[in-house]
Amino acid sequence: MALLETDAVAVRFGGNVVLDNVSISVEPGRVTGLIGPNGAGKTTLFNIVTGLLAPTHGRVLVDGADVTSLPPYKRAHRGLARTFQRLEPFVSLSVRDNVRVAGQIRNAWRRAGRIDLDKETDRVLELVGLAGVAGRDVAELPTGQARLVELGRALMTGPGVLLLDEPASGQTEQETEAFGRLLRRLASRDGIAICLVEHDVGLVMDVCSMIYVLDYGKVIASGPPEAVRADPAVIDAYLGSAEEGAA
Ligand SMILES: Nc1ncnc2c1ncn2[C@@H]1O[C@H](COP(=O)(O)OP(=O)(O)OP(=O)(O)O)[C@@H](O)[C@H]1O
């Protein structure tokens, strides 16, 4: 069963329809891709899912429950976590403290099942590959590693659903390969339902078992990577130029 669903979500800004009848399902244990050209509405959909923006129509369901009218923090309590396209680390803190602070917040929410902060911080830093730079000031890190700090913070909340907005941008090729392995592991081993917005088509095709393609706010295709990659409408709207750009 899907852990996250959007049901016929639509949003309009003034007269501008930015999302139209968007229904997606994100299942635990899988990486689900959300791709499409710039301005297609991917970040807007994340904003609706996390509660930063209210849809004009439609619903957001987490584990079958309608959360459409819940504020962002209540959705976070239900296991939604997100990283942002624009990095927003706490620049005055070390890598370790950036990650640890998210665990403090988690412990403040959950009376039962509080985590051992130091132990969990160590585990997450190791998992995302930042143990070697834990003491560094986060402002000194290159973008690729700074993105891992964001991922580490999201993981400290113990998410059931993880929404990642262009997490590989600014990563080197090697970093992206390691990142792909990490995403697969988070899904298959920890059972997290991951939704990945990413312009690195190679990464998306590699890690996703299901992909939705948005164009001008509409889902124009969905399915496994092979089917999406071969779909003429997708090639026309996005993959032709995205893959040329990446080559
Ligand atoms: N608050 C807002 N008010 C008005 N228009 C907005 C607002 N937020 C987003 N838009 C518009 O909605 C459209 C979708 O933007 P969005 O950022 O969701 O696209 P995207 O698919 O994430 O693009 P990218 O790949 O460039 O990140 C764009 O045309 C954008 O200008």
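If you're wondering where the values come from, they're calculated on a predicted model, not measured in any experiment. Positions are given from 1 along the sequence. All heavy atoms count here, side chains included; hydrogens, waters and symmetry mates do not. In listed order, ligands and their atoms are each counted from 1.
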Are any of the N or O atoms of Asn16 closer than 3.5 Å to those of ligand 1? no
Among Gly36, Pro37, Gly41, closest by heavy atom to atom 19 (O) of ligand 1 is Gly41
Does atom CD of Glu140 have more than 12 heavy-atom neighbours from other groups under 6.0 Å away? yes
Would you mind checking which non-hydrogen protein atom is closest to [atom], with the distance to 0.1 Å?
atom	result
atom 27 (O) of ligand 1	Gln85 NE2, 3.3 Å
atom 14 (C) of ligand 1	Gly39 O, 3.2 Å
atom 24 (P) of ligand 1	Asn38 ND2, 3.7 Å

Glu166 heavy atoms within 4.0 Å reach ligand 1 at atoms 25 (O), 27 (O)
Under 4.0 Å from one or more heavy atoms of Lys42, ligand 1 contributes atoms 18 (O), 19 (O), 20 (P), 21 (O), 22 (O), 23 (O), 24 (P), 25 (O)
Which of these, Leu164, Thr32, Val207, sits in a side chain to side chain contact (heavy atoms under 4.5 Å, CB included) with Ile194? Leu164
Ligand 1 contact on Val18 by region, counting heavy-atom pairs under 4.0 Å: side chain
Give a yes or no on whether a salt bridge exists between Glu226 and Arg229, defined as a side-chain N under 4.0 angstrom from a carboxylate O. no
Is the shortest side-chain N to carboxylate O distance from Asp118 to Arg100 below 4.0 Å? yes
